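The figures that follow rest on heavy atoms only: side chains count, while hydrogens, waters and symmetry mates do not. Each ligand, and each atom within it, is numbered from 1 in the order the structure gives. This structure is a prediction, so every number in the text was calculated from the model and none was measured.
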Amino acid sequence: MTLVDSHCHLDDRQFDGDREAVIDRALQAGVERMMAIGTGGGPPDLEAGLRLARQYPFLYATVGVHPHDASKATPETFVKMEALLAEEKVLAVGEIGLDYHYDFSPREVQREVFVKQLELAGRAGKPVVIHTREAWEDTLRLLREHWSGGGIMHCFTGGPAAAREALDLGFHLSFGGVLTFPKADEVRDAARLAPDDRLLVETDAPYLAPVPNRGKRNEPAFIVRTVQRLAAVRGVAPDRIAELTTSNFERLMFAPPVR
Ligand SMILES: [Zn+2]
Ligand SMILES: [Zn+2]
């Protein structure tokens with residue numbers, strides 16, 4: 001089984017003691033590619049993912065300002081981001097979006113920084129990785145107004161209605177550990193209706209570990225649990241999910257942009 005973890009925070013401090021071992025276990029589990037999300041601790045540092053991607057051939061990176069860190073962004077942040085987007089190993093802009101749950105940055109600033117990054121992604125011809133929490137309406141509105149490319153709804157936790165809206169916008173739905181949580185029936189309903197060619201899987205490690213590791217540190221190797229659950233939900237073999245999500249990732253990230 002060959003898998004891609006489309007979203008992990010391998011730069012996280014929680015991996016400082018055993019990062020090599022974590023990466024080894026991922027490879028052992030068949031996770032042949034990982035996308036290291038580059039948001040890190042926020043600006044001025046934009047290279048949290050890229051530093052790792054430069055070290056390992058099977059790691060790729062995103063660059064972006066997380067909505068939590070939106071108020072740390074300056075004009076220089078976007079200049080630097082534009083330069084980094086030219087690097088081959090930077091596959092996407094992310095994770096970007098809106099988080100009205102924590103409100104770590106003022107909502108108006110979050111929206112402004114989100115739109116600015118959509119523009120940069122458009123210019124670079126790269127997809128976006130969207131983080132949205134308790135801000136679905138505004139997220140969709142801004143995407144409709146400012147985005148015509150592809151992308152990923154990371155850690156998709158909506159139900160069927162939200163899934164249809166995201167799919168209509170041309171997005172891929174990336175499912176993570178939440179899919180395995182006992183109360184996540186709505187998410188599983190969404191996972192059932194997504195077309196084969198729009199499915200992705202992720203860990204969001206070190207966060208949101210799937211059952212039976214729920215509540216503990218997550219790591220890319222644990223993606224296998226999510227794949228098994230997704231397979232059961234869709235009534236197919238885990239190998240089929242692995243095959244689909246791997247080819248979907250390749251098509252989204254390595255095919256020339258259609259715009
Ligand atoms: Zn996120
Ligand atoms: Zn994340």
How many N, O or S atoms of the protein are nearer than 2.8 Å to the Zn ion (ligand 2)?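 Step by step: take the Zn ion (ligand 2), keep protein N, O, S below 2.8 Å, and you get 4.
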Those residues that, when tested against Asp196, pass salt bridge (Lys or Arg N to Asp or Glu O under 4.0 Å) (two or more places apart):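 Asp196 satisfies salt bridge (Lys or Arg N to Asp or Glu O under 4.0 Å) with Arg234, Arg240 once adjacent residues are dropped.
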Tyr102: hydrophobic cluster co-members (side-chain, 4.5 Å):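 ILVMFWY cluster around Tyr102 also holds Phe104.
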Just wondering, more than 12 heavy atoms not from Glu145 lying within 6.0 Å of its CD?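 It does: Glu145 CD has more than 12 such atoms within range.
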Could you check whether atom CD of Glu88 has more than 12 heavy atoms from other residues, nucleotides or ligands sitting under 6.0 Å from it? no
Which class fits the ring pair Tyr207 and His9: parallel under 30°, tilted 30 to 60°, perpendicular over 60°? perpendicular
Tell me, please, which residues at least two apart from Asp197 pass side-chain hydrogen bond (donor to acceptor under 3.5 Å, both in side chains).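 Expected list: none.
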